[in-house]
Engineer: 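This is the structure, below, for whatever I ask next.
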Amino acid sequence: SVVRCQHYPPVRALQASAVLRRVSDEHKKEPFTPSSQQQFDTHPAGHQPEQEPPQGPRPSYTGQGGQESEDYESEEQLQRRILTAALEFVPEHGWTTEAIAEGAKTLGLSVAAAGMFHSDGSELILHFVSECNAKLSELLEKEQKLVQLGEAEKKPTDEFLRDAVEARLRMLIPYIEKWPQALSVLLLPRNIPSGLSLLTSMIDDIWHYAGDQSTDFNWYTRRAVLTGIYNTTELVMLQDSSPDFEDTWRFLENRVADAMNMSSTASQVQSTGEAVVQGLMGAAVTIRNLAGLNQRR
Amino acid sequence: VYQVFESVAKKYDVMNDSMTLGIHRVWKDILVHKMNPSPGTLLLDVAGGTGDIAFRFINYVRAVRERQLQRKLKHHQDLSWQEIFENYQEDKSDSLGDSQVVVCDINREMLKVGKQKAQHLGYSKGLSWVLGNAEELPFDDDMFDVYTIAFGIRNVTRIDLALEEAYRVLKPGGRFLCLEFSHVSNPLLSRLYDLYSFQVIPVLGEVIAGDWKSYQYLVESIRRFPPQEELKAMIEDTGFFKVDYENLNFGIVAIHSGFKL
């Protein structure tokens with residue numbers, strides 16, 4: 001199962017701050033969490049405006065106090081650490097302050113630290129989405145390198161899209177029960193800009209790596225088509241009870257095939273755009289119904 | 001300051017209601033909602049005399065705990081009656097989920113009134129009453145999850161010392177919350193507020209509590225208190241992070257929040 005093993009060392013008190021750690025300590029004591037650190041380096045395209053690029057030195061750090069400018073981690077970095085730790089508790093508590101409080105506890109912080117975040121769990125969800133997108137980018141980058149080195153075959157577009165969307169959606173599996181709740185929170189007016197920008201940059205990423213020049217799609221249509229495919233597949237996945245979600249992947253295969261077929265006729269491309277928009281509207285209504293408008297808080 | 005509160009203790013709640021036209025209850029509710037405590041939180045309420053914040057905290061935590069238990073039960077739909085019964089038994093003794101409030105006040109009279117109120121309203125578990133000075137708290141370091149001071153920091157001689165003490169007794173990640181009268185920036189409202197403060201409040205003080213001077217002192221201390229931004233800077237200087245304030249009623253009252261990070 002996809003279990004996030006976060007082994008954070010007990011937080012040490014430092015002169016100026018009780019919790020914010022020296023960036024150097026992060027490297028000395030956490031040799032086994034490179035994945036959680038690295039993802040903030042890849043593809044800033046997927047990042048929200050308030051997430052700053054990681055401060056201080058990264059892999060090339062010497063550890064002798066050479067870098068003086070950014071010694072301590074920032075509040076934002078600490079918040080990200082708390083949110084990452086909180087993900088482990090989401091299957092049990094949902095995308096809530098409780099999960100964040102439990103996450104804070106594992107880092108040695110008081111449960112009151114969850115007060116730093118909004119009470120509806122928005123930041124936790126957005127953090128998760130952003131992390132997943134970063135992981136996807138990393139994956140696609142690796143695959144591209146293999147192709148460039150000649151160690152792998154370049155996949156045809158439809159297979160590429162299918163695999164990319166499947167990989168991304170599989171990241172939801174550990175949280176699939178609570179995902180409808182997350183989607184409904186992402187639809188709150190406050191979260192729509194961030195949620196949408198994360199979605200579109202992920203879609204753009206996939207197309208970037210697909211590197212497809214042969215179809216007749218223009219850029220907007222490509223984005224719209226893949227967004228439609230992604231969103232509808234996501235919804236199907238939420239209601240799929242087949243073993244290992246095989247129904248979902250079959251649905252995905254069909255949608256991608258439809259999209260490929262449509263590239264041949266220009267007028268069909270236009271109607272696809274309209275159909276996709278309608279599909280998205282319908283999807284939004286479905287999500288609200290699925291989540292039962294969980295906004296009593 | 002001590003004598004002001006000695007004479008004021010018994011009539012404190014009544015005066016609060018009449019001076020603020022009962023809105024102080026809403027302010028205190030907002031404070032606890034902002035805190036959003038989860039069960040298991042250890043709260044230190046300083047200058048909390050008559051227990052207003054403490055009681056609200058207990059109510060809130062109890063409600064959250066009940067919801068938690070209900071949700072747990074919903075997932076246990078396939079249990080036998082015996083198991084459900086056992087679940088209820090063990091959870092009953094845990095209605096607060098280990099949450100606790102320590103009410104600390106410099107004034108014995110205020111604490112006495114608070115204890116009486118608690119008894120009268122039926123609050124027994126999870127409450128402690130301690131005599132202490134905000135500038136020198138009788139607690140160890142890193143003890144509490146949340147530190148609140150509602151309408152008390154104004155009366156502290158050395159605010160910076162009180163803030164440092166707050167920082168000391170909070171756990172890493174702990175939260176500092178301060179509810180206090182502050183500055184109204186809106187000029188029209190400011191004039192009306194001044195009128196009300198200086199003309200009406202001391203009169204009420206005389207009529208209800210028989211004490212003009214104490215309430216005049218009160219109004220003047222409000223005017224002398226640093227405004228929102230200045231208090232925010234002081235809190236930041238003490239070492240708190242993510243310091244922010246929220247104005248209630250256009251600045252008549254403000255809630256400052258900071259985290260020990």
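Only this structure's heavy atoms are used, side chains among them; waters, hydrogens and symmetry mates stay out. In what follows, every chain begins at residue 1, and chains take the letters A, B, ... in the order their sequences are listed.
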Engineer: What pairs of donor and acceptor atoms, side-chain ones from residues 23-39 of chain B against any protein atom, are under 3.5 angstrom apart with sequence neighbours left out?
Structural biologist:
residue : atom : partner  : partner atom : Å
B/His24 : ND1  : B/Lys28  : NZ           : 3.2
B/His24 : NE2  : B/Asp17  : OD1          : 2.8
B/Arg25 : NE   : B/Asp17  : OD1          : 2.9
B/Arg25 : NH2  : B/Asp17  : OD1          : 3.1
B/Arg25 : NH2  : B/Asp17  : OD2          : 2.4
B/Trp27 : NE1  : B/Asn249 : OD1          : 2.6
B/Lys28 : NZ   : B/Asp52  : OD2          : 2.7
B/Asp29 : OD1  : B/Arg56  : NE           : 2.7
B/Lys34 : NZ   : B/Glu246 : OE1          : 2.8
B/Asn36 : OD1  : B/Tyr60  : OH           : 2.9

Engineer: Starting at CG of A/Leu109, measure out to CG of B/Asp145 and round the result to the nearest 0.5 Å.
Structural biologist: 10.5 Å
Engineer: Run the numbers on A/Met116 and B/Arg175 for side chain to side chain contact (heavy atoms under 4.5 Å, CB included), then give the verdict.
Structural biologist: CA-CA 9 Å; A/Met116 284 196 280; B/Arg175 189 172 196 183; over 6 Å; no
Engineer: Distance-only criterion, 3.5 Å: show the donor-acceptor pairs between side-chain atoms of residues 231-243 of chain B and protein atoms not counting sequence neighbours.
Structural biologist:
residue  : atom : partner  : partner atom : Å
B/Thr238 : OG1  : B/Met234 : O            : 2.8

Engineer: Do the side chains of A/Glu92 and B/Arg71 get close enough for a salt bridge, i.e. N-O under 4.0 angstrom?
Structural biologist: no
Engineer: Heavy-atom count around B/Glu136 CD within 6.0 Å, excluding the residue itself: above 12?
Structural biologist: no
Engineer: Got a second to check how far A/Ser110's OG is from B/Phe259's CZ, nearest 0.5 Å?
Structural biologist: 9.0 Å
Engineer: Is it the case that over 12 heavy atoms from other parts of the model lie below 6.0 angstrom from the CZ atom of B/Phe250?
Structural biologist: no
